[in-house]
2 protein chains.
Amino acid sequence: MDSAPDTPRLDAQMAFLGEADRLKAVIRATRVTGNRFENSAEHSWHVALYALTLAEHAPEGCDTTRVIQMLLLHDLVEIDAGDNPIFGDHDAAAMEAAEAAAADRLFGLLPADQAASFRAIWDEFEANETPEARFAKSLDRFAPPVLNMAAGGGSWSDYSVEWDTFETRVAPKIASGAPGLWQWLRPRARAVFDRLAGRA
Amino acid sequence: MDSAPDTPRLDAQMAFLGEADRLKAVIRATRVTGNRFENSAEHSWHVALYALTLAEHAPEGCDTTRVIQMLLLHDLVEIDAGDNPIFGDHDAAAMEAAEAAAADRLFGLLPADQAASFRAIWDEFEANETPEARFAKSLDRFAPPVLNMAAGGGSWSDYSVEWDTFETRVAPKIASGAPGLWQWLRPRARAVFDRLAGRA
């Protein structure tokens, strides 16, 4: 049998990619076509495709390449920290600490230079200040309502969400980085909420 | 209730993104952590992450951004045409025709300019001629063996694949666009095949 070439750098990259596979086992509150719950890996693909498709709705001067990189990496911390549904109750400070520890461990599997650069991409996403981060965060908040509309309720029904809660907690996160997408979503989402409440 | 703004362009983009959700229901021959079968959406995320992580192993002058775009789009045609496992038997010409028809339908949901640009990305991937397409194709062929190794056999066991078949059918597709990755994979995959054959 051949002996393996001495490749510590590639070994480290492959350890990271192997561990990343576990994101496919992190289950979200949203439902996909067929009504099963979505996992965070397929969600990450879908929002990256949103970024590619909806790039023209990004803020002026936004670098779509960076947005897609953010969205490919944004949920990896859930491998250790789990997914926290936006309508669930959770301790924000504890969640932030768990996610930072997860980022240390997961990006720390990579060669040092790459660990630093991937961590910087994730930190930028979390800080939600650059146009890229704001657009990426907005897409991440825009995709689940679109799935809920397709499911005729989805996590809105599961969590008994009211329109006012949705408009208070979700709308600003979408409108902040992608006002045109919120404008598109609002009347369509409202119609589903009205139907769920028996008002239409 | 508000009326929806008149947004035919965004409506078309959202129709495409909604239809793309069905890629999460296309089941592949490979198995993920936990031993369930992988779907093509989460696979697409994983290989895009491979491209981001392994960019330095790409051919000289390869544009990683384009590679990632290809990998986000490469399997969408499976929504209509299904997945064809590399070790399965299928009619190559019929498959190619089915995938071309799927590309017509799916990319055709988009506004015309975007339909043309996404189709060009997919056509370039399929033609496997540019450095970007060759690297993307190689990653697409490299990821499943990595999952099979982690599963201690996976689709190699399910399809009773022999080492010679693997080396003849898969190796050239990896080595073509990413020779360094094939060099890393070869002894590691060989060790798993030897174990499966009771030779080690």
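Keep in mind that what you see is a predicted model, and the values were worked out from it rather than measured. A, B, ... follow the sequence lines: proteins, then strands. Residue 1 opens every chain.
- Here B:Thr7 contributes atom OG1 and A:Gln183 contributes atom CD; the two are 8.5 Å apart, rounded to the nearest 0.5 Å.
- Put simply, the side chain of A:Leu10 reaches to within 4.5 Å of the side chain of B:Leu181, judged on heavy atoms.
- With hydrophobic clusters built from ILVMFWY side chains whose heavy atoms lie under 4.5 angstrom apart, B:Tyr159 shares a cluster with B:Trp163.
- Taking 4.5 Å as the heavy-atom cut-off, the residues of residues 36-59 of chain A that approach chain B are A:Arg36, A:Glu38, A:Asn39, A:Ala41, A:Glu42, A:Ser44, A:Trp45, A:His46, A:Ala48, A:Leu49, A:Tyr50, A:Leu52, A:Thr53, A:Leu54, A:Glu56, A:His57, ordered by number.
- In the hydrophobic clustering of this structure, B:Ile27 does not group with B:Val32; members are Ile, Leu, Val, Met, Phe, Trp, Tyr whose side-chain heavy atoms approach within less than 4.5 Å, directly or through other members.
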CA sep, side-chain torsions, deciding dist, call: B:Ile68, A:Leu72, side-chain contact (heavy atoms from CB on, under 4.5 Å): CA-CA 10 Å; B:Ile68 290 174; A:Leu72 292 176; 4.1 Å; yes
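- Taking non-hydrogen atoms and a 4.5 Å limit, the residue list of residues 13-23 of chain B in contact with chain A, ordered by number, reads B:Gln13, B:Met14, B:Phe16, B:Leu17, B:Ala20, B:Asp21, B:Arg22, B:Leu23.
- Taking non-hydrogen atoms and a 4.5 Å limit, the residue list of residues 132-151 of chain B in contact with chain A, ordered by number, reads B:Phe142, B:Val146, B:Leu147.
- Close approach to chain A, defined as a heavy atom under 4.5 Å from one of its heavy atoms, is seen in B:Leu110, B:Gln114, B:Phe118 of residues 109-125 of chain B, taken by number.
- For A:Leu73, the part lying near chain B is the side chain, with the backbone staying farther off; criterion is any non-hydrogen pair under 4.5 Å.
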